[in-house]
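Order of the sequence lines fixes the chain letters, A, B, ..., with proteins taken first and strands second; residue numbering starts at 1 for each chain. Predicted model only: the values in this text are computed from it and were never measured.
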Amino acid sequence: MRRIVVTTALKYANGPIHLGHMVEDIQTDIWVRYHKMAGNECHYFCADDAHGTPIMIRAREEGITPEELIERAKREHKADFDAFMIDFDNYYTTHSPENKHFSELFFQRLLKAGAIVKHTVEQAYCEKDKIWLPDRFIRGTCPKCKAPDQYGDSCEVCSSTYQPTELIEPKCSVCGTAPVRKESEHYFFRLEVFGTKVKELIDSGYTHRSIGNKLDEWFKSGLKDWDISRDGPYFGFKIPGEDDKYFYVWFDAPIGYMASAQNYFERAGVDFEKIWNSPEYEIYHFIGKDIVYFHALFWPAMLMGAGFRTANKLFIHGFITVNGVKMSKSRGTFINASTYRKHLDPQYLRYYYAAKLTGGIDDIDLSLDDFVAKVNSDLVGKLANLASRSGPMLTGKLDSMLGELDEDGTALVKNIAAAKADILANYEKLDFAAVVRSVMALTDQANKYVDDNQPWALIKTDKEKTRKVLTAVLNSVRMLTIYFKPVLPVFAEKIEKFLNVAPLKFNDVESIIVNHKINVFERLVERIEQEKVNAMLEESKPAQAQPVEPAAPQMQYEELAPECTIEDFTKIDLRIAKVISAKKVEGADKLLQLELDLGFAKKNVFAGISKYYKPEELVGRKVVCAANLKPRKMKFGISEGMILAASLGDSEASVLGVDEKAQPGYRIH
RNA sequence: GGCGGCGUAGCUCAGUUGGUUAGAGCGCGGGAUUCAUAAGCCUGAGGUCGAAGGUUCGACUCCUUCCGCCGCUACCA
């Protein structure tokens with residue numbers, strides 16, 4: 001018997017569970033149920049990730065305490081997971097005494113190991129709200145494309161990334177005042193101390209191979225010290241020996257795996273340390289590819305530094321797309337778990353995800369048309385129908401008694417049982433798509449057996465022979481259900497009740513039930529109606545649909561810049577200039593190097609327009625130049641100005657020209 | 001631009017260490033049935049496996065280049 005501990009990524013308490021989260025938890029839950037049914041000891045832990053600035057601010061906005069907020073979030077999260085039959089052994093929170101204990105323990109051990117240092121950092125601080133602002137809480141105009149109201153770390157319009165200090169007119173996203181820069185001393189975790197050991201871990205098969213390549217990039221570029229502290233006010237655990245410094249949320253989050261496990265094992269009267277550090281136990285983390293960095297670098301290094309064992313392996317999955325594209329609020333495809341379950345049976349989603357999951361890191365697509373078709377045809381049309389076309393006949397006309405098997409029936413059932421090893425192997429390697437394919441192929445065989453034997457005709461002439469046929473069919477149903485039980489727990493329960501048998505395990509496929517009384521048949525699953533899917537999408541569309549909806553189709557005009565005075569305007573000295581020469585910049589993607597004649601002077605200017613203009617198209621043209629711009633040193637030289645061009649987003653650009661009369665050097669007023 | 005991933009029938013996807021006429025489900029056409037949640041069975045059509053080269057006796061499968069989409073990242077003053 002194997003002993004296994006698995007975790008799924010902690011859920012942030014700041015938002016609801018959506019169908020993207022569910023990929024991971026359904027995948028994991030299926031795997032856990034598979035192990036339990038196979039007779040292994042398997043524990044499944046998760047928790048809410050409850051700390052950090054966003055939660056503190058959200059609570060403030062709602063006028064409640066962070067504790068109240070995270071308590072509510074946890075309740076909602078758990079309700080969603082219960083509805084989707086995610087069978088955690090413990091769903092805990094990082095805001096717990098166990099987690100506090102472990103966080104302090106990790107910190108102290110890392111300190112002792114010489115892996116913690118202090119650096120002074122400069123950060124944005126809002127003097128009005130009296131809080132330090134993470135990048136996401138600073139908003140301002142994108143320094144690259146000038147799109148207004150962008151996050152402090154990246155622009156959603158041009159998708160460039162930058163430092164919050166580069167933002168134009170940065171504002172605190174809570175109160176709108178401009179943040180100030182303040183210095184503070186922070187604790188840093190020296191990752192490089194464990195760099196070699198972590199590299200060895202990864203090389204030994206800790207992650208998927210393709211992920212290993214990605215990780216290599218990080219190793220090559222050098223492991224930087226990781227800032228693990230935050231200044232108060234902050235919702236989290238205070239750092240020992242400090243008055244107003246807290247552990248960064250990502251420091252105590254993965255520790256939450258251990259805290260959740262410990263909380264469970266203590267209640268069960270089991271010594272946690274013996275389990276977590278015991279070679280008898282295998283430990284696996286299921287995560288999405290978005291948080292590989294934390295789980296493949298930081299977390300193993302933390303564990304090593306604190307003297308704990310690392311997990312055996314990370315199981316990494318891809319993202320979910322809906323109808324082939326990223327989940328989108330305006331399309332209504334950003335579907336919360338709570339919205340889904342109002343309209344549709346969670347087992348449908350478990351089945352569909354199972355049919356798509358191969359254990360790889362590719363994104364998986366929830367194609368809603370395919371979803372409806374697959375569930376209706378596989379689950380309803382084939383599997384449920386198999387029971388429905390045989391059960392009622394036995395209960396209605398043959399006293400609900402199973403008989404023996406005939407020769408063909410034995411062959412059918414043996415064939416189904418023979419697939420066990422293969423199916424278990426596919427469960428083991430997370431290739432649930434292969435499981436679904438092979439079980440459905442077996443279901444086809446069973447349906448064919450029904451057609452071949454025509455019990456509806458046979459019963460008119462030979463009741464006992466019919467009983468044999470139906471016994472074979474219902475034994476098939478039982479076995480197919482066993483195979484699907486990790487995916488469809490409620491379906492399996494209904495079959496257990498219908499067939500009047502104890503909870504099914506994998507080993508039960510090796511036996512058959514004969515001369516056995518069954519219960520009356522009840523419907524197992526309902527067909528999906530397209531209207532339900534539509535209603536779910538409709539409800540997922542944002543109520544405050546204004547920002548994205550009307551402008552969305554084509555013309556996304558940039559917002560008008562804040563008002564300025566004529567004095568502001570005249571600060572910029574715009575001149576007519578003639579392009580003397582233009583050439584592509586070697587090694588640069590978007591830059592053209594232009595030599596401009598301003599009449600009284602010549603200037604060297606780099607312009608990011610090579611995507612839109614060939615150099616020869618520009619030579620000889622008169623353009624508008626911002627001539628008094630402070631020269632800027634760029635990678636390829638000094639740019640002494642800027643030429644004006646009009647654009648809409650990223651897709652096009654038009655360099656401004658002038659009437660023939662205007663000569664180089666004329667000023668534009 | 002760099003790095004990584006993907007590109008197989010109308011749709012969603014399998015294709016194991018390269019080996020005979022490339023598969024499944026759904027959808028579509030035809031047929032025989034009617035027990036069943038308008039489900040099931042038989043059968044047909046449909047793909048130059050993104051493109052072009054190369055390695056090989058032989059490539060969807062390996063290598064190179066290119067095209068298209070996605071992610072991360074960068075020099076768009």
*Name the pairing partner of B/U34, where a pair is Watson-Crick or G-U wobble with both distances under 3.5 Å, or state none.*
none
*Validation row: A/Ser400, A/Asn519 side chains within 4.5 angstrom (heavy atoms)*: no
*asked:* For A/Lys374 and A/Asp444, find the nucleotide of RNA chain B closest to each by heavy atoms; which residue's nucleotide sits nearer the 5' end?
replied: A/Lys374
*Compare the minimum distances between each of B/U12, B/C26, B/G5 and the side chain of A/Asp362, then state the nucleotide with the smallest one.*
B/G5
*asked:* Going by ring pair (Phe, Tyr, Trp, His ring centres under 6.0 Å), A/Trp31 matches just one of A/Phe315, A/Tyr427, A/Phe432. Which one?
replied: A/Phe315
_Between B/G30 and B/G23, how far apart are the two C1' atoms, rounded to whole Å?_
23 Å
*With heavy atoms under 4.0 Å as the rule, sort A/Lys356 into base, sugar-phosphate or nothing.*
sugar-phosphate
*Determine whether A/Trp456 and A/Thr466 make a side-chain contact, defined as any pair of heavy atoms from C-beta on separated by less than 4.5 Å.*
no
*Mind checking the P distance from B/A74 to B/U17? Whole angstroms is fine.*
37 Å
*Taking atom P of B/G25 as reference, at what distance in whole Å does atom OH of A/Tyr351 sit?*
12 Å
*What's the CG-P distance between A/Leu596 and B/A77, to the nearest Å?*
15 Å
*Pick the P atom in B/U43 and in B/A24, then give their distance to the nearest Å.*
11 Å
*Nucleotide paired to B/U17 in any strand shown, Watson-Crick or G-U, under 3.5 Å*: none
*Candidate nucleotides B/C42, B/U12, B/A77, ranked by approach to the side chain of A/Asp365 - the nearest*: B/U12
*Within-4.5 Å side-chain heavy-atom neighbours: A/Val198 and A/Leu223*: no
*Provide the Watson-Crick or G-U wobble partner of B/C62, both distances under 3.5 Å; none if there is no partner.*
B/G54
*Expressed in angstrom and rounded to an integer, what is the separation of A/Ile316 atom CD1 from B/G4 atom P?*
17 Å
*Pairing of A/Lys532 and A/Asp345 as salt bridge, 4.0 angstrom limit*: no
*Atom CG of A/Asp408 to atom P of B/C41: distance rounded to whole Å?*
17 Å
*What's the CG-P distance between A/Asp422 and B/U16, to the nearest Å?*
15 Å
*Would you kindly give the CD-to-P distance between A/Gln593 and B/C75, to the nearest whole Å?*
18 Å
*Who is the Watson-Crick or G-U wobble partner of B/A45, with both distances under 3.5 Å?*
none
*When you look at A/Gln27 and A/Tyr353, which way does the side-chain hydrogen bond (donor to acceptor under 3.5 Å, both in side chains) test go after all the steps?*
CA-CA 8 Å; A/Gln27 178 185 46; A/Tyr353 279 171; over 6 Å; no
*How many Å lie between OH on A/Tyr293 and P on B/C3, as a whole number?*
19 Å
*Report yes if the side chains of A/Ile518 and A/Phe521 come closer than 4.5 Å at any heavy-atom pair, otherwise no.*
no
*Show the numbers, then the answer: is there a ring-ring contact (aromatic ring centres under 6.0 Å, His included) between A/Phe298 and A/Trp226?*
CA-CA 8 Å; A/Phe298 298 169; A/Trp226 179 40; 4.0 Å; yes
*Determine the Euclidean distance between corresponding P atoms of B/G4 and B/C76; express it in Å to zero decimal places.*
24 Å
_If I pick the C1' atom on B/C42 and the same atom on B/A32, what distance separates them, to the nearest angstrom?_
7 Å
*asked:* When the P atoms of B/C41 and B/A59 are compared, how many Å lie between them, rounded to an integer?
replied: 37 Å
*What is the pairing partner of B/G25, taking Watson-Crick or G-U wobble pairs with both distances under 3.5 Å in any strand?*
B/C11
_Rounded C1' spacing from B/C49 to B/C62 in Å_ = 16 Å
*Pair assignment for B/G71, Watson-Crick or G-U wobble, requiring both distances under 3.5 Å*: B/C3
*Counting N and O atoms only, with roles assigned by atom type, does the side chain of A/Tyr483 sit under 3.5 Å from a partner on the main chain of A/Ile416, one being a donor and the other an acceptor?*
yes
*Report the distance from atom CG of A/Asp370 to atom C1' of B/G25, rounded to the nearest whole Å.*
8 Å
*Span that lies between the P atom of B/C60 and that of B/C26, in whole angstrom*: 28 Å
*asked:* Counting primed atoms plus P, OP1 and OP2 as sugar-phosphate and everything else as base, spell out the protein contacts along nucleotides 33-39 of chain B at 4.0 Å heavy-atom distance: B, S or - for each nucleotide, 5' to 3'.
replied: -SBBB-S
